[in-house]
Amino acid sequence: MSETHQPLGGNEAEKRPEDSESSGTDTELHKEKKQKTGATSHVIPISRRKSYDENPRMSSVYGEEKSNVPAWMKSRRSDKYEKYEKYDKYKAPVIASSAPENKPDERYNKYMGAHDTKTDDRIKRYGSSTTPTPEPGKKRKNGDDEDSIPAPYSNLPITKGSDPEYQPFQSRIHDKSYKDINSIVRAHYNQRTQQSKYQGSRTKSPIYKMRNFNNVIKYMLLGDWVKKSPDPEKPTVLLDLCCGKGGDLNKCEFVSIDQYIGVDISDQSIKEAFSRYSRNKVHFIPQNGLKGRQRDTRRYNFEACFATGDCFGTSIPDILEPNFPGIIEGLFPVDCVSIQFALHYAFESEEKMNTLLNNVTKSLRPGGTFIGTIPSSDFMKDKIVKKEFIDEGGKKFGNELYSVTFHDDPPADGVFRPPFGHCYNYSLKDAIDDVPEYVVPFESFRAFCEEHGLILRYKKNFIDIFNQHIPKYFSKLNKNLIEGMKRSDGKYGAEGAEKEAVGLYIGFVFEKVSA
Ligand SMILES: C[S@@+](CC[C@H](N)C(=O)[O-])C[C@H]1O[C@@H](n2cnc3c(N)ncnc32)[C@H](O)[C@@H]1O
């Protein structure tokens, strides 16, 4: 097991594909990638939660009344993943043949297909939630945000400090200079996921309003650009690359998808995302915008699966198929690929971007959308050209909430050439502590996307997105979310230092044009 990969703890530690390496079953590709990146590409499990009622969604989504077979199991399993044949280096993962130590959980048999009921022992399943849907009208905790989780530990000693109600995030990663970016990123987000359980009410966070603002931007982007499956018989599927702790699950409910697939390199985040999905609580019940739709707005009406993997170093079939055999043939191509606040980690090298964009374009159906949020290279250029630095050396800009510190002297004209590998450290109060990211020169990114059959449909900075779309969404989004963006002048949106911090970001949408 890679030492950079944190196990799930105790008996819950996963048995992953590389665990079968000892028996000589790993592919050369896996080995090569692990050596190169230090990253693991294995999958952490998953299953769907137990349904709130026993046969809830199958009828409308999959067209078969009371069918217990999920959509992606309906088609025949294929030994060659035909939809991904173009992955020239791809080899089918070897399924471990040893007998499982644990007894198979019969509740999950329905997801395994007739020939799979013996259960692959590498698939660790978490207990499914029996959390009931909240009663209609029952008051929710005021101010829950998308990233919020209940704070059951708020009375533990660790939370007792100068502010007993809130403990800001503090990084404990040392010697970053010796580590590759995947290790730093994984360690950071694993740590962040753990600490967030002890932090107390998120409404006390210094970036609470900023979080709400960013969430509203994502609601609007997904709301406008997730396109339904053109075939009413097929589920609308969203692939969330770098999904983190599942902060966008509510948004996926808001846009009425039928199937969610989340992948992230941080195993702790994936575990938390699954747990959040299992709790089956939609925090942000929309106000009135989606009246009349045939969905229960108090819970997730879509199926979900989650996997740990490196989206920039591993193909999607390599990440998903070992634990969800048949998923590529059954669910792909998908209707939307989302990558929020994460693509900048991939701009380290052309190789990583190639892998990412192959994953995007080969996963998408023609007409499907690729939706993301990244730091703006135009914003950075502006700072550099106007010399708005906050250090004497001319490498750092930002304010009391955020900072960007370039590793090397930035180019005087603010144009980064060649496009890859321009590293900076990013800090955001109470969230990110000097984690390396890479400049995404947008025009290069756009050209690269075009080479992969992805055409730009939309690009705007966050402030403009907000101003353009908030009138349409103001009455649709949850009231607490809207109130969480209230400014000192009584209006809504970002102001002051927060406005500059969110102004660093842009949203983009590409459409897949070629088959
Ligand atoms: C800022 S968080 C965003 C999480 C989520 N998309 C959201 O908007 O709430 C960035 C995420 O990217 C993930 N990430 C970074 N590099 C990755 C990689 N190579 N493969 C998969 N996930 C990665 C991190 O683990 C982290 O969860």
Side-chain angles (χ1 to χ4, degrees), residues 4-6 33-34 36-44 145-149 169 173 179-194 196 202 207 210-219 221-222 238-252 260-273 276 306-316 318-320 337-349 351-357 359-360 371-375 402 426-428 430-433 435-438 462 502 504-505 507:
T4 58
H5 188 95
Q6 302 194 8
K33 276 181 185 153
K34 271 183 283 186
K36 236 188 256 172
T37 63
T40 48
S41 63
H42 40 256
V43 176
I44 287 191
D145 74 9
E146 288 291 290
D147 286 331
S148 75
I149 55 168
F169 172 73
I173 307 173
K179 297 191 170 103
D180 68 282
I181 187 165
N182 277 357
S183 311
I184 298 171
V185 164
R186 188 189 298 115
H188 169 79
Y189 285 102
N190 274 346
Q191 206 178 92
R192 178 130 185 66
T193 302
Q194 286 304 96
S196 67
R202 284 300 180 95
I207 55 163
M210 218 181 126
R211 280 182 202 282
N212 287 331
F213 186 91
N214 288 344
N215 278 319
V216 167
I217 296 290
K218 289 195 280 180
Y219 266 102
L221 278 175
L222 295 173
L238 183 141
L239 172 62
D240 193 358
L241 301 180
C242 311
C243 65
K245 294 181 282 174
D248 290 346
L249 286 168
N250 288 344
K251 299 168 192 83
C252 289
Y260 174 93
I261 305 163
V263 181
D264 199 281
I265 201 167
S266 155
D267 50 336
Q268 294 296 323
S269 297
I270 284 294
K271 191 178 174 191
E272 177 58 29
R276 183 176 290 193
F306 303 87
T308 302
D310 176 0
C311 300
F312 317 145
T314 312
S315 80
I316 289 298
D318 265 345
I319 295 172
L320 295 179
V337 176
S338 171
I339 182 164
Q340 305 300 331
F341 297 108
L343 183 139
H344 37 279
Y345 296 116
F347 241 81
E348 181 183 13
S349 67
E351 193 188 357
K352 282 193 174 190
M353 272 310 286
N354 238 327
T355 305
L356 170 64
L357 290 181
N359 278 338
V360 172
I371 306 173
T373 43
I374 49 173
Y402 85 103
Y426 179 70
S427 290
L428 177 64
D430 193 30
I432 299 175
D433 191 5
V435 172
E437 301 181 355
Y438 293 89
F462 272 21
V502 297
L504 171 63
Y505 288 90

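Counting convention: from 1, in listed order, for ligands and their atoms alike.
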Under-4.0 Å heavy-atom contact with ligand 1, by part of [X] that carries it:
X      : value
Cys243 : backbone
Val185 : side chain
Lys218 : side chain
Phe341 : both

Which atoms form the tightest heavy-atom contact between [X] and [Y], and what is the distance?
X      : Y      : result
Ile207 : Leu428 : CD1-CD2, 4.0 Å
Val263 : Cys311 : CG1-SG, 3.6 Å
Asn182 : Lys352 : OD1-NZ, 3.7 Å
Gly246 : Ala273 : N-CB, 3.6 Å

- Heavy-atom contacts with Gly309 under 4.0 Å: which atoms of ligand 1 show up? List them by number with element.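 The atoms of ligand 1 under 4.0 Å from a heavy atom of Gly309 are 20 (N), 21 (C).
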
- Numbering the atoms of ligand 1 from 1, which are under 4.0 Å from a heavy atom of Phe312?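 Atoms satisfying the 4.0 Å criterion: 16 (N), 17 (C), 18 (C), 19 (N).
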
- Task: Drop me the distance from Leu320's CG to Phe306's CZ, to the nearest 0.5 angstrom.
- Result: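 If I round to the nearest 0.5 Å, the distance is 12.0 Å.
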
- Does Thr373 have any side chain to side chain contact (heavy atoms under 4.5 Å, CB included) partners at least two apart in sequence or in another chain, and if so, which? Leu221, Gln340, Phe341, Phe462

Check whether any N or O atom of [X], backbone or side chain, sits under 3.5 Å from an N or O atom of ligand 1, and answer yes or no.
X      : value
Asp310 : yes
Cys311 : yes
Gln340 : yes

From the candidates [options], the one that places a heavy atom nearest [atom]:
atom                    : options                        : answer
atom 21 (C) of ligand 1 : Thr373, Ile265, Asp248         : Ile265
atom 25 (O) of ligand 1 : Ile432, Asp264, Ile339, Thr193 : Asp264
atom 24 (C) of ligand 1 : Tyr345, Tyr189, Tyr426         : Tyr189

- Donor-acceptor pair, side chain of Asp240 and main chain of Tyr260, under 3.5 angstrom: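 No; zero donor-acceptor contacts below 3.5 Å.
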
- Message: Applying side-chain contact (heavy atoms from CB on, under 4.5 Å) to Ser315 and Asn359, what does each step give before you reach the verdict?
- Response: CA-CA 6 Å; Ser315 80; Asn359 278 338; 4.0 Å; yes

